[in-house]
Amino acid sequence: MRYILEEYIDLKQIAESGQCFRWRMGPNNEYLVIAGDKYAYIKADYEGESTIIEIECDKKNDNFWTHYLDLETSYSDIRSKIMKKDRFLGLAADNRSGIRILNQDPWEMLITFIVSQRKNIPAITACVEKLSVAAGQKIGKARSGEDIYSFPSPEALAGLSIDDLNACSLGYRSKYIKRAAEDVLGGMTDLDALSHLDDEALHAALCELYGVGVKVANCVVLFGYHRLNAFPIDVWIERVLTEHYPEGFPFKRYSPYCGVMQQYLFSYYRDTHK
DNA sequence: AGGCAGGTTCTTA
DNA sequence: TAAGAACCTGCC
């Protein structure tokens with residue numbers, strides 16, 4: 001399927017933005033993207049101001065992928081809220097204008113960001129992949145010939161022992177993952193029901209989960225529930241705030257899109273402070 | 001060899 | 001209520 005839109009979209013920027021960990025770059029800047037129990041090959045070409053997105057997937061999943069990429073949202077409109085005098089954000093946003101906040105699954109985000117604590121991106125990627133091989137299902141074959149595994153269901157994850165989880169290099173996070181899986185499976189935690197809560201209540205509810213603190217909860221709110229105002233503060237964003245916003249970040253000004261601004265800041269700052 | 005990486009929990013004052 | 005230590009693992 002081809003999709004043309006009047007916005008700049010940069011798959012590489014998205015793949016490296018730290019919101020998704022199952023994008024694999026292949027030849028010609030084409031990505032194999034796995035989300036939940038689906039996968040697609042996605043590439044982008046450019047014509048003037050337009051981006052042409054090409055998605056190769058099961059026909060019945062066309063809508064899933066256009067929504068996944070958040071193609072219905074205008075990010076240039078969001079960027080137009082950036083104040084001229086906010087030079088650092090302006091620079092970051094200009095530089096990272098191809099980033100979008102994907103529509104990802106709350107369950108997958110919950111587990112992924114529990115995994116993420118005190119890990120760098122390559123380590124997170126490796127863990128998520130090991131988890132998927134250990135408890136996911138084969139859903140197809142990549143062009144490379146490798147099997148593609150779905151992200152594990154709560155039931156499948158709950159079925160793993162602590163030893164199985166440790167084998168995925170989860171370390172002390174194994175017990176968090178196990179508990180989260182058991183709670184979701186048993187209905188103690190109803191991730192669908194949480195979607196009815198407002199941002200603040202949603203964040204608070206997620207913080208109740210074992211192994212989920214303020215930062216991870218914010219990532220789940222932003223990436224799993226697509227609440228674009230959520231603003232996760234990790235060590236990188238902490239540095240941005242200290243260096244560039246000593247008087248405080250203008251949250252009110254950028255509401256309800258603070259999370260989008262956070263992504264621009266995070267991606268740009270991290271790349272320029274390697 | 002020791003420190004640190006996109007945090008959270010547990011312990012201690 | 002708040003600071004500090006401990007926590008798995010892999011990589012520099």
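Every value quoted in this text rests on a predicted model; they were computed, and no experiment measured them. Proteins come first, then strands; the chains are lettered A, B, ... in the order of their sequence lines, and each starts at number 1.
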Look at all strands and tell whether [X] reaches a base, only sugar-phosphate, or nothing, counting heavy atoms closer than 4.0 Å.
X	value
A:Thr112	nothing
A:Ile121	base
A:Gly211	sugar-phosphate
A:Leu209	sugar-phosphate
A:Lys215	base

Any heavy-atom pair between the side chains of A:Leu69 and A:Ile55 that's under 4.5 Å? yes
Could you check if a side-chain atom of A:Phe113 sits within less than 4.5 angstrom of a side-chain atom of A:Phe21, using non-hydrogen atoms only? yes
In whole Å, I'd like the distance from the [atom1] atom of [X] to the [atom2] atom of [N].
X	N	atom1	atom2	result
A:Ile162	C:dC7	CD1	C1'	14 Å
A:Asp234	B:dT8	CG	P	10 Å
A:Glu129	C:dT9	CD	P	20 Å
A:His273	B:dA5	NE2	P	15 Å
A:Asn120	B:dG3	CG	P	19 Å
A:Leu241	B:dG6	CG	P	16 Å
A:Glu238	B:dT8	CD	P	13 Å
A:Gln117	B:dG6	CD	C1'	11 Å

Expressed as a whole number of Å, how far does the [atom1] atom of [N] sit from that of [M]?
N	M	atom1	value
C:dG4	B:dG6	P	22 Å
B:dT11	C:dC8	P	13 Å
C:dA6	B:dG3	C1'	15 Å

Sub-4.0 Å heavy-atom contacts from residues 216-225 of chain A onto DNA chain B, ordered by number: A:Val216, A:Cys219
Under a 4.0 Å heavy-atom cutoff, the residues of residues 163-180 of chain A touching DNA chain B are A:Tyr172, A:Tyr176
Taking salt bridge (Lys or Arg N to Asp or Glu O under 4.0 Å) as the definition, give me every residue that meets it alongside A:Lys43, ordered by chain and number, with sequence neighbours left out. none
Main-chain N/O of [Y] paired with [X] side-chain donor or acceptor, under 3.5 Å:
X	Y	result
A:Arg173	A:Gln117	yes
A:Thr125	A:Ile121	yes
A:Gln19	A:Leu102	yes
A:Gln13	A:Gly98	yes
A:Asn103	A:His67	yes
A:Asn28	A:Glu30	no

Is it true that atom [atom1] of [X] has more than 12 heavy atoms of other residues, nucleotides or ligands lying nearer than 6.0 Å?
X	atom1	value
A:Gln137	CD	no
A:Glu47	CD	no
A:Arg253	CZ	yes

For DNA chain B, consecutive-pair runs of 3 or more (Watson-Crick or G-U wobble, both H-bond-type distances under 3.5 Å) give B:2-5 with C:9-12, B:7-13 with C:1-7
Do any pairs count as a ring-ring contact (aromatic ring centres under 6.0 Å, His included) and have a residue in residues 39-60 of chain A, sequence neighbours left out, and if so which ones? A:Tyr8-A:Tyr46
Please identify which of these residues, A:Leu222, A:Leu228, A:Asn229, A:Asn218, meets the side chain to side chain contact (heavy atoms under 4.5 Å, CB included) condition with A:Asp199. A:Asn229
Correct closest heavy-atom pair for A:Glu7 and A:Thr73 would be OE2-O, 4.2 Å
Which parts of nucleotides 1-6 of chain C does protein reach within less than 4.0 Å, heavy atoms only, written one letter per nucleotide 5' to 3' as B for base, S for sugar-phosphate only and - for none? ------
Residue met sooner reading DNA chain B from 5', once A:Cys207 and A:Phe266 are mapped to nucleotides: A:Phe266
With the side chain of A:Tyr210 defined as its heavy atoms from C-beta on, choose the nearest nucleotide among B:dG6, B:dT9, B:dG7. B:dT9
